[in-house]
Amino acid sequence: MALHDQTRKTASGDSGKAASGESGEIASRLLAWYDAHHRDLPWRIAPRELARGIRPDPYRVWLSEVMLQQTTVEAVKSYFRAFVEKWPDIEALAASATEDVMKAWAGLGYYSRARNLKACANLVARQGGRFPDTQAGLRELPGIGAYTAAAIAAIAFDQPAAVVDGNVERVVSRLFSIVTPLSEAKGDICTYVERMVPATRPGDFAQAMMDLGAMICTPRRPRCGLCPLREDCSAIISGDAERFPVRLPKGEKPLRRGAAFVAVRGDGAILLRKRGDQGLLGGMTEVPTTGWTARIDGGTTAAAAPFPGNWR
DNA sequence: GTCCAGGTTC
DNA sequence: GAACCTGGAC
């Protein structure tokens with residue numbers, strides 16, 4: 001659906017200015033709120049530090065953004081601290097053993113991120129240790145998709161990139177009461193954000209949108225009374241912020257079964273193996289298992305044990 | 001316990 | 001469009 005149709009459909013009764021996000025009012029209100037209420041995070045350079053001339057370190061921005069993909073801020077904090085302690089810069093990470101990186105990542109989930117992290121570190125270190133400073137250049141690197149490229153460009157390099165993560169999708173879908181399901185509306189949401197991004201402090205603007213989504217414009221029970229954008233928000237005006245964003249119902253997830261074999265030797269040693277690098281839990285250590293399939297058959301029973309025995 | 005959120009890859 | 005993991009809300 002074209003953006004102008006969306007705007008007409010969703011923002012009726014609103015002043016065109018605020019609804020289109022072109023006035024710059026939204027960005028300045030949001031930045032003022034961010035200055036007063038931003039979260040203090042281990043990887044973040046706060047507004048008053050930026051004002052004193054402290055620059056973000058692209059390595060730390062990249063590391064934190066990769067860790068934050070599909071992962072909550074609380075879970076990331078301790079891992080981030082451990083990583084920068086162990087590997088303070090991209091050269092240190094590039095010089096590490098992949099296995100050590102996998103170990104340090106254990107517990108964070110989505111382990112392909114750790115393999116891509118290491119691959120990316122090797123690549124960047126080999127090219128002189130400098131990250132590309134454009135979205136397109138960043139997008140080429142392993143483990144960096146549209147969101148992460150925009151986030152690094154904005155936060156580390158102060159470029160006016162449209163940073164759209166799940167938080168921002170929720171904030172924008174409420175601001176403009178977007179009734180189109182999220183999967184279809186992503187393009188329009190990105191266009192709205194592009195129009196809102198200010199020429200100055202684009203990195204703080206990106207972080208402010210995400211802080212707003214995390215602290216005020218929450219998925220459930222949003223704290224609209226505290227929101228700096230309450231006068232701009234179409235969903236508040238109609239009193240139903242919580243019904244946005246609209247999502248398509250998701251399909252059933254297939255159930256897969258299999259067996260795991262725990263072999264304990266007399267001296268207490270346990271038989272372990274390393275999984276292949278691709279797919280489920282790639283590169284992780286495990287007890288031997290069968291394949292995992294939709295039905296129980298010869299490949300998922302004791303018949304597939306690593307050695308004959310009295311398996312129970 | 002059950003439901004749900006969430007970027008990148010292939 | 002499906003696969004990939006964990007943790008938070010209820």
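Labels below follow one simple rule: chain letters A, B, ... track the order of the sequence lines, proteins then strands, and each chain is numbered from 1. Below, all heavy atoms of this structure are taken into account, side chains as well, without hydrogens, waters or symmetry copies.
A salt bridge links A:Arg29 to A:Glu25: at least one charged side-chain nitrogen sits closer than 4.0 Å to a carboxylate oxygen.
Counting to the nearest Å, the C1' atom of C:dT6 and the CH2 atom of A:Trp105 are 13 Å from each other. Nucleotide C:dG8 holds its P atom 14 Å from the CG atom of A:Leu68, rounded to whole Å. Distance CD (A:Glu74) to C1' (B:dG6): 17 Å, rounded to an integer number of Å. Rounded to whole angstrom, the span from the CE atom of A:Met67 across to the C1' atom of B:dT8 amounts to 17 Å. In this structure, CE of A:Met102 is placed 9 Å from P of C:dC5, rounded to the nearest angstrom. The CZ-C1' distance, from A:Arg115 to B:dG7, rounds to 15 Å in whole Å. Rounded to whole Å, the distance from CG on A:Asn116 to P on C:dC5 is 12 Å. In this structure, CZ of A:Arg113 is placed 12 Å from P of B:dT9, rounded to the nearest angstrom.
At least one side-chain nitrogen or oxygen of A:Arg247 sits closer than 4.0 Å to the OP1 or OP2 atom of B:dG6.
With sequence neighbours excluded, the residues that form a side-chain hydrogen bond (donor to acceptor under 3.5 Å, both in side chains) with A:Lys77 are A:Glu74. Remark: A:Leu108 pairs with A:Met67, A:Thr71, A:Tyr79, A:Trp105, A:Arg113 by the side chain to side chain contact (heavy atoms under 4.5 Å, CB included) rule, at least two apart or across chains.
For residues 201-224 of chain A, the pairs satisfying side chain to side chain donor-acceptor pair (under 3.5 Å) are A:Asp35-A:Arg201, A:Arg39-A:Asp211, A:Arg44-A:Gln207, A:Arg44-A:Asp211, A:Arg201-A:Asp204, with sequence neighbours left out. The stretch residues 124-136 of chain A participates, sequence neighbours left out, in no side chain to side chain donor-acceptor pair (under 3.5 Å) pair at all.
A:Ile144 comes within 4.0 angstrom of sugar-phosphate atoms only, judged by non-hydrogen atoms across all strands, and of no base. Within the nucleic acid shown, A:Tyr110 comes within 4.0 Å of at least one base atom, counting heavy atoms only. Here A:Pro142 lies in heavy-atom contact (under 4.0 Å) with sugar-phosphate atoms only. Among the atoms of the strands shown, only primed sugar atoms or phosphate atoms (P, OP1, OP2) are found under 4.0 Å from some heavy atom of A:Thr148. Residue-level contact check: A:Arg220 touches the backbone only, with heavy atoms under 4.0 Å from sugar-phosphate atoms and none from bases. Nucleic acid contact class of A:Gln70 (heavy atoms, under 4.0 Å, all strands): base.
Of the residues near DNA chain C, A:Ser112 and A:Thr72, the one whose nearest nucleotide (by heavy atom distance) lies more toward the 5' end is A:Ser112. Ranked by how close their nearest DNA chain B nucleotide is to the 5' end, A:Thr71 and A:Gly143 are led by A:Thr71.
Considering only heavy atoms from C-beta on, A:Leu182 stays 4.5 Å or farther from A:Val246 through its side chain.
When only modelled atom types and interatomic distance are considered, A:Gln69 and A:Tyr147 share no side-chain donor-acceptor pair under 3.5 Å.
Comparing C:dG7, B:dG7, C:dT6 by their nearest atom to the side chain of A:Tyr111 picks out C:dT6. Of the listed nucleotides (C:dG8, B:dT8, B:dT9), B:dT9 has the atom at the smallest distance from the side chain of A:Arg139.
At a non-hydrogen distance threshold of 4.0 Å, A:Asp165, A:Gly166, A:Arg170 from residues 154-173 of chain A come into contact with DNA chain B.
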Output side-chain donor-acceptor pairs under 3.5 Å for residues 53-61 of chain A, partner residues at least two apart or in another chain, one line each.
unit_1  : atom_1 : unit_2  : atom_2 : d
A:Asp57 : OD1    : A:Tyr59 : N      : 3.0
A:Tyr59 : OH     : A:Trp87 : O      : 2.6
A:Arg60 : NH2    : A:Pro42 : O      : 3.1

